[in-house]
Amino acid sequence: MESLRQKLNKIPKKGWVAIAISLAVVVICTVLTVVFMRQKPNQAALVAEIPTETVTQSTSESTPEETTTVPESTSETTTKAPKKPVGTTAPVEREEPALPAKIEKPKPPVMPKKLLNVPFIDQRQKYPTGCESVAAVMAMQYYGMSITPEQFIDKYLDKGVTPYRDANGDLFGDDPRKVFLGNPYSKKGWGCWAPVIVNGVNKCIDQKKFAVRAVYGKSIDELCKTYIDNDIPVLIWATQNMASAENGKTWYITGTAETFTWIRPMHCLLLVGYDNGGYYFNDSLQAKNFRYEKAEVSAAYNALHCQAVVIAPKPPEETATEERTTDAAPESSTGGEQTEISEEQTTDTTLTVPSTVPQNVPST
């Protein structure tokens, strides 16, 4: 121990300074090493956490994409129409669909040469099988007459029964050329032909100012030239959506040995205009000014035997003649009955076009 002290005493002051600096360097290095080793695990932990967050985000983003595919595939499924009942129960249901789907057609690239502004009525909600009555009311409203489809159907339309089977299974029914088969307010109604509408309109118009006629055998182009060009809309019988016509059920007209074959899917529309390649209709199952190609209209119209109905104002000279005749006629014991239009007049193929266009056309 004594020798160690002697040795230490022999160390000069500069030596002690060097030793102190060395010890200080060692301590500093040790401290820095400890601090560095403690921070390294924390950085490793942070690096390990980053992939976990990325996985979580990608999972949450992919989940909605997978769930949204289910409703899209579900929306593409279609509902099948229910099967019609089978059997010989009376009455027999109408064979064609009463309410075809609306057609989304692009606007035609051509402008109509002639297009009348006629009020439009949609038959779908209230009158599913009342296309004939609705077309007639649209034409009458065009001339400013105050009438609704309900008033025409309830007061002026002659109605009968739809075809039914007797005990032997034979099919009987009324004549659709004389009455409307069934109820226009019902989807089970059938329809009627031109003479029934002529008869109904004759009951409600002012026959001193207006005339109604059934027109047979004229082409659509002839109807356009004769009536549309003179601002007179025309009721025509064709098919729903101008579909191909086919024969439906055949039955015996009640009380006769005559048979009648239904043509389906029958429809009545109001012709209101035309262009080079098509005709425009107020189609109560589609829309106002709805356009069909000329060829398909002609085919459907011909299949329904080229029948149409025209309601038009009487020419002023004809109205004046009737007034003079009425004034000069002696009074009868019954108070003067109004002269009825005969069946021959009702089915004329022409109707006198008034020299002046009516000015009381309502706007829609």
Side-chain angles (χ1 to χ4, degrees), residues 103 105 108 110-123 130-143 145 149 191-198 201 210-243 245 263 265-313 347-354 357-358 361-362 364:
I103 302 174
K105 286 189 175 182
V110 294
M111 293 297 293
K113 286 188 174 181
K114 184 75 175 183
L115 187 61
L116 307 182
N117 184 19
V118 181
F120 176 74
I121 301 173
D122 193 318
Q123 75 174 86
C131 56
E132 306 93 341
S133 298
V134 170
V137 169
M138 286 191 287
M140 288 187 283
Q141 288 184 356
Y142 169 72
Y143 296 115
M145 300 184 200
C192 64
W193 282 19
V196 180
I197 296 302
V198 170
V201 172
F210 295 92
V212 56
R213 296 286 187 273
V215 180
Y216 299 103
K218 286 186 175 291
S219 68
I220 303 291
D221 283 339
E222 289 177 308
L223 294 176
C224 289
K225 182 178 180 179
T226 305
Y227 302 111
I228 300 300
D229 284 347
N230 288 283
D231 301 320
I232 299 173
V234 183
L235 285 75
I236 74 160
W237 271 252
T239 59
Q240 296 175 2
N241 299 340
M242 302 302 163
I263 301 174
M266 189 269 283
H267 187 37
C268 183
L269 313 87
L270 190 63
L271 177 65
V272 296
Y274 66 93
D275 60 38
N276 288 334
Y279 301 112
Y280 295 82
F281 296 89
N282 271 17
D283 184 347
S284 53
L285 286 177
Q286 295 296 339
K288 177 174 178 166
N289 301 338
F290 198 80
R291 184 182 184 274
Y292 292 101
E293 294 293 329
K294 282 189 174 183
E296 58 183 359
V297 174
S298 297
Y301 172 69
N302 292 338
L304 268 295
H305 308 297
C306 299
Q307 55 180 318
V309 168
V310 177
I311 306 169
T347 57
D348 284 345
T349 59
T350 59
L351 182 66
T352 305
V353 177
V357 178
V361 178
T364 56

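Computed over heavy atoms, backbone and side chain alike; hydrogens, waters and symmetry mates excluded. These numbers were taken from a predicted model, which means no experiment stands behind them.
We find the NZ-CG distance between K114 and D231 to be 4.0 Å, quoted to the nearest 0.5 Å. Residue I236 holds its CD1 atom at 6.0 Å from CG of L271, rounded to the nearest 0.5 Å. Here I220 contributes atom CD1 and K225 contributes atom NZ; the two are 15.5 Å apart, rounded to the nearest 0.5 Å. Rounding to the nearest 0.5 Å places CD1 of I121 at 8.5 Å from OG of S284. Atom CE of M140 and atom CD1 of I311 lie 5.0 Å apart (nearest 0.5 Å). Once rounded to the nearest 0.5 Å, the distance linking CG of L270 with SG of C131 reads 12.0 Å.
Using modelled atom types, no side-chain atom of N282 and backbone atom of M138 make a donor-acceptor pair closer than 3.5 Å. In this structure, the side chain of E132 engages the main chain of C192 through a donor-acceptor pair within 3.5 Å. A donor-acceptor pair is defined here as one N or O able to donate and one able to accept, closer than 3.5 Å; such a pair exists between the side chain of Q307 and the backbone of A194. A donor-acceptor pair is defined here as one N or O able to donate and one able to accept, closer than 3.5 Å; such a pair exists between the side chain of D283 and the backbone of L285. E222 contributes a side-chain N or O that, together with a main-chain N or O of S219, makes up a donor-acceptor pair within less than 3.5 Å.
No side-chain N or O of D221 forms a donor-acceptor pair with one of Y274 less than 3.5 Å apart. Side-chain atoms of Q286 and N241 include a donor-acceptor pair closer than 3.5 Å.
Annotation: side chain of Y227 is not in contact with side chain of L116 (no heavy-atom distance under 4.5 Å). Using a 4.5 Å heavy-atom threshold, the side chains of V212 and V310 count as separate. With contacts defined as side-chain heavy-atom distances shorter than 4.5 Å, the pair L235/I197 qualifies. The shortest side-chain heavy-atom distance between D275 and M111 does not fall under the 4.5 Å cut-off. Counting heavy atoms from C-beta on, the side chains of Y143 and F210 come closer than 4.5 Å.
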Inset, instruction - Take E293 and R291 through the salt bridge (charged side-chain N to carboxylate O under 4.0 Å, His left out) test and state the conclusion after the steps. - result: CA-CA 7 Å; E293 294 293 329; R291 184 182 184 274; 2.8 Å; yes
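Here the shortest heavy-atom pairing between A214 and V198 reads N-CG2, 3.7 Å.
Ring-centre distance between H305 and W237: not below the 6.0 Å cut-off.
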